[in-house]
Amino acid sequence: MAMEKNFDAGTSEARIYEAWEKAGAFKAGANATRDDTFCIMLPPPNVTGSLHVGHAFNHTLMDILTRWKRMQGFDTLWQPGLDHAGIATQLQVEKMLAATNQPSRRELGREKFLEKVWEWKEKFGGTIVEQDKRLGTSMDWDRLAFTMDEQFHDAVLKVFVDMYAKGLITRGKRLVNWDPHFETAISDLEVENTEVAGHMWHFKYKLAGGETYEYIEKDEDGAVTFRETRDYISIATTRPETMLGDGAVAVNPKDARYAPIVGKMVHLPLCDRLIPIVSDEYPDPDFGSGAVKITGAHDFNDYQVAKRCNLPMYRLMDTKGAMRADGLPYEDCVARAREIAAGAVAGEMEIDSLNLVPEKYRGMDRFDARAAVIADITAAGLAVTTLVKSIDEDTGAEHMEAVPVVDNKPVMQPFGDRSGVVIEPMLTDQWFVDTAKIVQPALDAVRSGRTKIIPESGEKVYYHWLENIEPWCISRQLWWGHQIPVWYGLDLGYEQPLETEGDLDEVDLHKLLIEGGMMHRKDVYHCAASFEAVTEAFKGEIADTPTPINHARIIEVADKQEAMETLAAALGQYAVDQDPTKLVYPVWRDADVLDTWFSSGLWPIGTLGWPQDTDALKKYFPTNVLVTGQDILFFWVARMMMMQLAVVDDIPFDTVYLHQLVRDEKGKKMSKTTGNVIDPLEIVDEYGADALRMTNAAMASIGGVLKLSVERIKGYRNFGTKLWNATKFAEMNEVFSQYDPSVMPTPTATLNKWIIGETAKVRMDVDAALGAYRFNDAALGLYAFVWGKVCDWYVELSKPLFYDGDEAIKAETRQTMGWVLDQCLIMLHPIMPFITEELWAMTGVTRRKMLVHADWPSFGTELIDTHADREMNWVIGLIDSIRSARAEMHVPAGLKVPLVIVDIDANGDAAFANNKAMIEKLARIDGVTRVAQMPKGAVTIAAEGATFGLPLAGLIDVAEEKARLQKSLDKLAKEMGGLKGRLNNPNFVASAPEEVVAEARENLAARQEEDAKLKAALTRLAQIG
RNA sequence: GGGUGUAUAGCUCAGUGGUAGAGCACUUCGUUGACAUCGAAGGGGUCACAAGUUCGAACCUUGUUACGCCCA
């Protein structure tokens, strides 16, 4: 069967992949010949996602490791799966609903909407899996996991319940990053801070009671530069609309300008409230006026100040980022706020219920409200102004006009990474992981080296982040995800105990429902994995209420509103029929879901079957290596470390390999707007998966920048063709019909001995490289070996043996070449699985297994024949020298020329005799003779222990040959200068390692020998002309 | 502002103390019985700058400059 001219990736890849799958080649434990395990968790791609170059890169590296270990006989598992990706998926499905004119999410309601999500997932959620197969990834697809699978879901809830029970998860009103588009809290890692053009406005807050003070500015020497009597304090803000919720004005305690008025009250413009001037370290006296308005509910810095100074934090906006329109009328709210400012005690719940947005602004979008606030403050004469002179065009009269001061100033603004809208700091009820309590083991694991991060710089970043870790907000106001397993009930406890003993009368009922103001009271809540499990806790909760409520049946309702209505109805009914069996106590489940990273934080144990003590868990956990982008070191890697250690008290993996973002060839981020996106599937279509994979491997230096260029991919496609054609050459020379793959060659010819040693060297290099995650070294080492050694030299030098050798030489060369090519296929397989598997099938009639399960070699230095090594290097050097001289002398490439041996030592003599046919063929020599002295007009070829000549009299230009020799002499002189300099330095000889000194001596001797020969040649030429 | 990197051939990048490397690009030559997706030969570098450690520095230390990323 004659081989085609090159590998047809387009038609072969799918067939080969199918064969692997059919053979179960990727199943956990396939090809295992030892107990050692090797396990990689695929970082679960977003279920909405499709394969991009980043995945292609990331998955290539994992596949290389997995295939390598599998061939080595490890019990291997590469665990695939998908992430449910809360916001992204919910958004995708909502878009789909809108595009297909279906009812919206809110119209559908939670349950129906989730059905739609599942439908969508079944239909489109697997795209990336099929795309991944085109890349050749060898994952155990039978184990494909999903973070919303029932088993995984149960594991996530179990962890929540356990961590809650241990006090590691808590609920509280905290300032969070609120995304007004998705109407959910997001973590600070999901916020992108971008500098945008902003403005700074300056307002006057007047002192209460018409008080005044002496405002004095001084320069560095303490000399007074400005002095005036003021009845206001000047504040600066980039967000004027938040002033409606101010709780105070803060000044730095060291700021002398405001020292006289600290503790006094100021009028809050547009509001009927007085707020105090407080002293706090936060304001920078040199920035703006030095006085900062404090809005605890809408700014992270202000929040800290408000907590320190015990200021009320009034929430101004609703979930969409509009000014609040709920609650009691402004007058009622502000009246209560005045009482609070005067010292009345108010709880968190009550303060949050107060809507201090004046009627005028209620319901306005936050940005419209900003404009309105500015206009109103300016109209009230409370904007800080500067006088601007203008001249009336008609009258020529000069006017002095007071214009508000507005500074143009770049400000850092937070944006939601998914929604792109400005994030609003918002005071809301959220669930938090108290990360400070679980961070230590995660730090220790890396510090002690139990888990190693590559590159090392990743460890520093990891420490820095974990040492300064913030509580992790894990609740998200979404529907798609793991709903928080917490149920709430109405608080029936009562400040003043009900007067009745035992039974409930109508007066008590009234108190419970109306006077108790249940709506504004805190709820009671319990956490458990299911409603059934939480029922017990609520029975305990109502045990101390009057009979018969304490025996009420616990039922689940949708929300608090329904709970109050249900309870009222039940109590009303009881008042009528006195039938205690109909009494119910309604509870409702927390509507929020968990942060997607909370669930993917459990990926290693969750996919292996935890909390069941499965065989897979016992066998493969802790896993070996996590390969992922360094951008999710915090999002995911650090959290997995904390979570596995907190839950099962073990590290999730022993090595973390971090890589950078894949960029375009100029180093720019790929983006649709820039139009520089490379689609990996298009690359696979055009150049084959192997070329893309080889490129990925070659780019993967530790910590390296990943710039993907199509030119490079093309180069590696050519490499595949080269390998193909070398195999074709072997096939044409009957290698595969004669070769026995189960027999190790034991050749006699130097060439064959040499290439076996070279193969052994590259085997050691490749294993060392992959063991150190130096994928680029492995890829480039194989490239250099296959192309530079096997194709350029071994195949070329084998031609004289095949064409002119005797049968014994031909036979051993066939056996050697077959073996060498097999080793090439085996070692290249992890990087280029398709073409190697194809060649494996085409070249071996007696293969025991597919290449995917071939045994990885372990041979090493024992296969290196130092004598053969020396001899071949001498031959190759000689051929190089002759070729070089020919080319520089413009000897026509096709012309065969004679060679003379002027002098030669015993080693050279043997080497020349052993390889004469090869030298003649590759250097295009016709006729070798020994001469006593160099013929006139010959080109001198210097080799170790020998001098050759090319008698080209008449063919060569003497001046050109002189120039060539001189150039070589110059280069030699420079090299010898360096070597002599070192060797003449007594300190070098004394301090440098022996072998370094010996090597330098040898080098110098060799150069001196060559130098002498070339100088002699130059002298001879000088005699001619 | 804090953290953390990078700077080596025209381009993209390797190179953890011992004579500066690869691929691509470039120049010249070549339809030699695997391959023109190829072969042969060649040109091309003050290893950002400065100081230090060392017998010896692209590599270690310090500083400077420029650029990148992460977090504020």
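Numbered from 1 within each chain, the chains take letters A, B, ... in sequence-line order. Just so it is clear, the values below take in all heavy atoms, side chains as well, and ignore hydrogens, waters and symmetry mates.
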Enquirer: If I take atom OH in residue A:Y783 and atom C1' in nucleotide B:A14, what distance separates them, rounded to the nearest angstrom?
Expert: 15 Å

Enquirer: I'd like the P distance from B:C49 over to B:A66, given in whole Å.
Expert: 16 Å

Enquirer: When the P atoms of B:U64 and B:A25 are considered, how many whole Å apart are they?
Expert: 42 Å

Enquirer: Of the options B:G33, B:U4, B:A34, whose atoms approach the side-chain atoms of A:K728 most closely?
Expert: B:A34

Enquirer: Does any nucleotide pair with B:U53 by Watson-Crick or G-U wobble geometry, both distances under 3.5 Å, and what is it?
Expert: none

Enquirer: Over all strands shown, is A:N6 touching base, sugar-phosphate only, or nothing at heavy-atom distances under 4.0 angstrom?
Expert: base

Enquirer: Under the 3.5 Å rule, do the base of B:C35 and the side chain of A:K722 count as making a donor-acceptor pair?
Expert: yes

Enquirer: Looking only at N and O atoms, is any donor in the side chain of A:E888 or the base of B:A40 less than 3.5 Å from an acceptor on the other one?
Expert: no

Enquirer: Using a strict 4.0 Å threshold on nitrogen-to-oxygen distance, state whether A:R982 and A:E999 make a salt bridge.
Expert: no

Enquirer: Rounded to whole angstrom units, what separation is found between the CZ atom of A:F634 and the P atom of B:A72?
Expert: 9 Å

Enquirer: OP1, OP2 of B:C38 versus side-chain N and O of A:N718: anything below 4.0 Å?
Expert: yes

Enquirer: Report, as yes or no, whether the 6.0 Å neighbourhood of atom NZ on A:K789 holds more than 12 heavy atoms from other residues, nucleotides or ligands.
Expert: no

Enquirer: Let me know the distance between CD of A:E999 and P of B:G18, rounded to the nearest Å.
Expert: 10 Å

Enquirer: Can A:R239 and A:E424 be counted as an ion pair, charged N to O under 4.0 angstrom?
Expert: yes

Enquirer: Under a 4.0 Å threshold between the charged nitrogen and the carboxylate oxygen, would A:E961 count as salt-bridged to A:R964?
Expert: yes

Enquirer: When rounded to the nearest Å, what value does the distance between C1' atoms of B:G21 and B:A9 take?
Expert: 10 Å

Enquirer: Without decimals, in angstroms, what is the distance between A:L821 CG and B:A34 C1'?
Expert: 11 Å

Enquirer: Counting only heavy atoms not in A:K916 (residues, nucleotides, ligands), do more than 12 fall under 6.0 Å from its NZ?
Expert: no

Enquirer: Using the P atoms only, state how far B:U8 lies from B:G68, rounded to an integer number of Å.
Expert: 15 Å

Enquirer: Looking at every strand, decide which applies to A:K5 at a 4.0 Å heavy-atom threshold: base, sugar-phosphate, or nothing.
Expert: sugar-phosphate

Enquirer: Any side-chain N or O of A:R883 under 4.0 Å from OP1/OP2 of B:C29?
Expert: no

Enquirer: Check if the side chain of A:R712 and the base of B:U12 share a donor-acceptor pair of N or O atoms closer than 3.5 Å.
Expert: no

Enquirer: Does OP1 or OP2 of B:G42 have a side-chain N or O of A:S884 closer than 4.0 Å?
Expert: yes

Enquirer: For nucleotides B:G5 and B:G15, find the distance between their P atoms and express it as a whole number of Å.
Expert: 16 Å

Enquirer: Suppose you measure atom C1' in B:A57 against the same atom in B:U62; what distance do you get, rounded to whole Å?
Expert: 15 Å

Enquirer: If you assign A:S701 and A:N1003 each to the RNA chain B nucleotide with the nearest heavy atom, which residue ends up on the more 5' nucleotide?
Expert: A:S701

Enquirer: On a whole-Å scale, what distance lies between the C1' atoms belonging to B:C38 and B:U32?
Expert: 13 Å

Enquirer: Please verify the inter-ring angle class for A:F634 with A:W465; under 30° counts as parallel, over 60° as perpendicular, anything in between as tilted.
Expert: parallel

Enquirer: Ion pair present between A:E731 and A:K728, side-chain N to carboxylate O less than 4.0 angstrom?
Expert: no

Enquirer: What nucleotide among B:G15, B:C29, B:C55 has an atom nearest to a side-chain atom of A:N987?
Expert: B:C55

Enquirer: Using the rule for Phe, Tyr, His and the six-membered ring of Trp, do A:Y803 and B:G33 stack at under 5.5 Å and under 30°?
Expert: yes

Enquirer: Closer to the 5' end of RNA chain B via nearest nucleotide, is it A:T727 or A:A887?
Expert: A:T727

Enquirer: For A:N985 and B:G56, give me the distance from atom CG to atom P, rounded to whole Å.
Expert: 7 Å

Enquirer: Measuring only the P atom in each nucleotide, how far is B:A41 from B:G23? A whole number of Å is fine.
Expert: 12 Å

Enquirer: Return the orientation label for the A:H659 and A:Y657 ring planes: parallel under 30°, perpendicular over 60°, tilted otherwise.
Expert: tilted

Enquirer: Could you tell me whether the phosphate oxygens of B:A34, OP1 or OP2, come under 4.0 Å of any side-chain nitrogen or oxygen in A:W787?
Expert: no

Enquirer: Could you check which nucleotide pairs with B:G30 in any of the strands shown, counting Watson-Crick or G-U wobble with both distances under 3.5 Å?
Expert: B:C38

Enquirer: Does the structure show a Watson-Crick or G-U wobble partner for B:U6, both distances under 3.5 Å? Name it, or say none.
Expert: B:A66

Enquirer: For B:C59, give the paired nucleotide (Watson-Crick: N1-N3 plus N6-O4 or O6-N4; G-U: N1-O2 and O6-N3; both under 3.5 Å), or none.
Expert: none

Enquirer: Considering every strand and a 4.0 Å limit on heavy-atom distances, what is the contact class for A:N984: base, sugar-phosphate, or nothing?
Expert: nothing

Enquirer: Tell me which nucleotide, if any, is Watson-Crick or G-U wobble paired with B:G1 when both distances must be under 3.5 Å.
Expert: B:C71

Enquirer: Give the nucleotide from the list B:U4, B:G18, B:U37 with an atom nearest to the side chain of A:T721.
Expert: B:U37

Enquirer: Does A:E796 reach a base, just sugar-phosphate, or nothing at all? Heavy atoms under 4.0 Å.
Expert: base

Enquirer: Considering every strand and a 4.0 Å limit on heavy-atom distances, what is the contact class for A:R1007: base, sugar-phosphate, or nothing?
Expert: base

Enquirer: Within the structure shown, what part of the strands sits under 4.0 Å from A:K896 by heavy-atom distance: base, sugar-phosphate, or nothing?
Expert: nothing

Enquirer: Does A:K714 have a side-chain nitrogen or oxygen under 4.0 Å from the phosphate oxygens OP1 or OP2 of B:A25?
Expert: no

Enquirer: Give one of base, sugar-phosphate or nothing for A:P986, where a contact means two heavy atoms less than 4.0 Å apart.
Expert: nothing

